[in-house]
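Lettering follows sequence order; numbering is per chain, from 1.
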There are 2 protein chains.
Amino acid sequence: MPHGYGYGSPWWHGRFRGCGYRITVPRQAILDFLSRTSKHMSAEDIYVGIHKTFPNVGLTTVYRTLELLVEMGLVFKFDFGDGRARYELAMGPKGVRHHHHLVCTSCGRAIDYTDFIDEEKELLARTEKGLSEKYNFRISNHLIQFYGLCDKCRGK
Amino acid sequence: MPHGYGYGSPWWHGRFRGCGYRITVPRQAILDFLSRTSKHMSAEDIYVGIHKTFPNVGLTTVYRTLELLVEMGLVFKFDFGDGRARYELAMGPKGVRHHHHLVCTSCGRAIDYTDFIDEEKELLARTEKGLSEKYNFRISNHLIQFYGLCDKCRGK
DNA sequence: ATATAAATGAAAATGATTTTCAATAAGAGT
DNA sequence: ACTCTTATTGAAAATCATTTTCATTTATAT
């Protein structure tokens with residue numbers, strides 16, 4: 001099997017071992033679950049999602065694991081303004097899934113978009129460089145979100 | 001006094017009256033306080049800030065007023081990732097204060113920046129147009145934040 | 001197989017924000 | 001100015017996502 005991780009250890013085992021973190025059932029369950037969806041999941045969504053298969057993984061552990069994954073850079077954490085954080089796998093075997101969000105201020109739905117990323121990337125790189133120098137900031141990340149009304153909510 | 005609103009009713013009275021909202025002491029206090037600062041204030045910051053002069057304005061009213069002001073578009077609400085919302089006056093007599101933020105992931109400090117706004121504006125306008133059409137979204141706003149370590153937090 | 005420290009789950013704590021509800025006050029009409 | 005109507009308010013209680021505590025379990029180095 002050239003490329004792909006169908007058999008053998010999942011690709012992220014090395015990252016864990018390298019950081020001295022243990023590979024546990026809840027962590028595998030959560031990463032596996034996240035890798036099977038492209039939606040924006042809340043901690044509770046994930047808890048519910050794995051509960052059928054792993055009934056003894058608690059919500060606390062989901063929160064703790066997500067915090068760890070965010071800190072490791074494996075997961076992105078977003079705030080769409082409804083008071084609960086959303087999580088998404090940052091990258092898979094194929095690399096970083098770079099995208100931004102269109103958030104509906106009425107129903108809270110968030111749509112991923114990857115359009116215009118190339119021009120955007122170029123501008124962002126320049127902006128980051130300029131800002132880093134001017135404010136002596138080490139920029140590691142950015143967030144772009146557009147807000148508005150989705151097609152369903154437009155008709156009032 | 002040509003231009004400026006030093007005497008007479010504050011500029012936002014009309015907006016309130018037009019919406020059928022009453023002009024009350026707490027609302028005046030909060031708007032006045034926000035117009036005197038350029039910092040990013042939490043609801044409690046505002047509560048504390050006006051408490052000396054207006055000891056009988058409660059925290060509940062601060063939250064309620066901010067919600068109203070955000071809905072009216074007079075105030076922007078931001079999330080810098082520390083669990084408490086921050087508020088800023090959206091515009092003054094001089095117009096919209098368009099800027100974005102550099103957020104330090106270590107100390108939580110947020111720096112305003114207005115650099116590169118012109119190029120950015122152009123790209124954003126194009127992106128908004130494209131996204132609006134493609135996803136049938138009515139975009140009304142956007143958020144851009146850069147995350148990293150500020151000068152003070154860089155030296156670990 | 002064993003030791004040891006990391007990881008876990010349940011319950012309790014936290015803390016920002018919201019809701020409830022009776023009391024107050026803004027503003028229209030007089 | 002006075003009255004009426006209803007929006008607005010403040011205090012206390014409720015909510016709810018997330019975090020902390022702590023005794024127990026488990027991954028993994030030995």
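- Atoms CZ (F78(A)) and P (dT18(D)) sit 15 Å apart, rounded to a whole Å.
- At whole-Å resolution of the value, CG in D79(A) and P in dT18(D) are 10 Å apart.
- Spacing between atom CZ of F54(A) and atom C1' of dT25(D) amounts to 17 Å, rounded to whole angstrom units.
- Comment: D151(A) engages R109(A) in a salt bridge, judged by a side-chain N to carboxylate O separation of less than 4.0 angstrom.
- An OP1 or OP2 oxygen of dT17(C) is reached within less than 4.0 angstrom by a side-chain nitrogen or oxygen of Y63(B).
- In this pair, F80(A) and F78(A) present their aromatic rings parallel. The plane angle is below 30°, not in the 30 to 60° band.
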* Structure fact -> The contact string for nucleotides 6-13 of chain D, one letter per nucleotide 5' to 3', using protein heavy atoms under 4.0 Å with B, S and - for base, sugar-phosphate only and none, comes out as BBSBBBB-
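- Side chain to side chain, H98(B) and E120(B) fail the donor-acceptor criterion of an N or O pair below 3.5 Å.
- A donor-acceptor pair under 3.5 Å is absent between the side-chain atoms of T37(A) and the main chain of L34(A), judged by distance alone.
- Look at CG on D45(B): it is 15 Å from C1' on dT17(C), rounded to the nearest Å.
- Taking the six-membered ring for Trp, H142(A) and H100(B) have ring centres at least 6.0 Å apart.
- To the nearest angstrom, P of dG27(C) lies 11 Å from CZ of F16(B).
- Going from atom OH of Y87(A) over to atom P of dA17(D) covers 12 Å, rounded to whole Å.
- R84(B) places its CZ atom 17 Å from the P atom of dT18(D), with the value rounded to the nearest Å.
- Note: H101(B) and H40(B) have perpendicular aromatic rings, judged against thresholds of 30 and 60 degrees for the angle between ring planes.
- Q28(A) places its CD atom 15 Å from the C1' atom of dT8(C), with the value rounded to the nearest Å.
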